[in-house]
Amino acid sequence: MKNLARPSSSAQGNRRSIPDAVWKGVWACKVQPKIRNFLWRACSNGLASGEGLSRRNVPVDPHCSRCGMLEDTDHILLDCPFARAVWFASSLSFHPPIVEPQISKAIQGWNSLISSNKRLGNDTFGLAAQICWSLWRARNDVLLGGKHLNPVEVSRQAEAEFEEFKTLSSHHSSFVPATGVPLPIQHWKPPAPLAFKLNVNASITEDKGGVGLALRDCNGLLVFAVSEPISKYSILLSEALAVRTGLL
Ligand SMILES: [Zn+2]
């Protein structure tokens with residue numbers, strides 16, 4: 001269903017409304033320079049999203065090719081059901097806010113982790129930035145006729161590329177990868193041998209909600225992940241419905 005009524009949080013945002021700490025965090029993020037530049041453009045409302053191009057009078061469809069909602073930067077990287085499934089499938093198990101998630105606020109949250117634990121904060125922020133980059137690349141692949149990856153594949157791709165970057169960086173700088181210490185966001189434990197583990201999460205407000213689920217095997221590998229909008233249910237009932245969906 002098309003949605004032209006929802007105001008664009010990207011369009012409303014601008015450099016002056018974003019704290020300096022966010023900009024400093026973007027340029028200090030431990031990722032490839034092209035990804036730092038990408039984050040800066042995402043916060044600067046400078047990505048060629050459907051909404052961004054339409055605002056510049058470029059004759060394109062401003063809606064998301066995956067779900068039909070207005071496609072601004074925040075939608076591509078956080079709010080689209082596809083993006084939510086990718087985040088949920090990742091080792092961060094990040095759940096973007098249900099109401100008007102904003103990439104600048106997400107960056108502020110990831111960057112703030114560095115002050116409490118520098119190494120783990122850098123790893124979390126770096127992987128989150130890599131996932132944003134992979135989401136943008138997956139979106140462009142769909143529009144430009146490239147390879148269509150599912151949420152699990154996008155998540156795996158981002159984690160593999162970030163690990164590769166850390167390995168290469170460790171040979172050339174003082175950036176040291178984390179070793180066996182729990183991530184500050186969430187710590188996932190694999191199930192017993194030959195078993196599967198289904199993780200579910202639901203969030204609701206008065207008029208909007210979403211539920212996600214991820215099934216992993218005993219090696220921690222994702223079998224599938226999905227995120228869908230829900231309404232009118234309690235969190236407990238929503239999570240029960242997610243479990244039922246995962247078992248079908
Ligand atoms: Zn979408």
Side-chain angles (χ1 to χ4, degrees), residues 1-13 35 38-39 41-56 58-90 92-107 128-158 200-205 207-214 222 224-232 238 241-242 245:
M1 188 176 82
K2 306 295 187 185
N3 177 14
L4 286 171
R6 178 180 177 266
S8 165
S9 50
S10 287
Q12 291 169 344
I35 299 179
F38 166 76
L39 287 185
R41 287 191 291 130
C43 292
S44 303
N45 207 13
L47 294 183
S49 66
E51 183 274 337
L53 290 173
S54 295
R55 193 161 24 84
R56 295 174 178 83
V58 177
V60 298
D61 185 348
H63 301 100
C64 175
S65 62
R66 297 187 192 276
C67 72
M69 298 292 284
L70 186 66
E71 188 205 50
D72 59 17
T73 299
D74 298 322
H75 180 84
I76 298 168
L77 302 182
L78 299 171
D79 204 19
C80 183
F82 184 87
R84 291 183 179 278
V86 170
W87 285 113
F88 191 62
S90 76
L92 299 180
S93 293
F94 173 59
H95 305 286
I98 293 297
V99 179
E100 295 192 9
Q102 295 180 31
I103 190 61
S104 59
K105 289 185 177 178
I107 288 174
Q130 188 82 46
I131 291 172
C132 287
W133 170 256
S134 290
L135 280 165
W136 175 246
R137 193 168 52 185
R139 174 264 188 192
N140 292 338
D141 282 344
V142 170
L143 288 182
L144 301 176
K147 189 176 181 182
H148 286 224
L149 299 180
N150 64 40
V152 172
E153 291 171 328
V154 172
S155 176
R156 285 179 179 169
Q157 177 192 64
V200 299
N201 182 272
S203 301
I204 59 172
T205 63
D207 60 353
K208 189 179 179 185
V211 60
L213 59 89
L222 277 156
F224 73 88
V226 68
S227 179
E228 297 180 343
I230 56 172
S231 62
K232 298 181 181 178
S238 298
L241 289 172
T245 301

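In each ligand, atom 1 is the first atom listed, and ligand 1 is the first ligand listed.
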Given side chains that start at C-beta, do those of [X] and [Y] come closer than 4.5 Å, heavy atoms only?
X    : Y   : value
V154 : F82 : yes
F38  : L47 : yes
M69  : D79 : no
E51  : H75 : no

*Are there any protein N/O/S atoms under 2.8 Å from the Zn ion (ligand 1), and if so, which?*
C64 SG, C67 SG, H75 NE2, C80 SG
*Determine, for K147 against E153, whether the closest basic-nitrogen to carboxylate-oxygen distance falls under 4.0 angstrom.*
no
_Check the orientation of F94 and W87. Use parallel for under 30°, tilted for 30 to 60°, and perpendicular for over 60°._
perpendicular
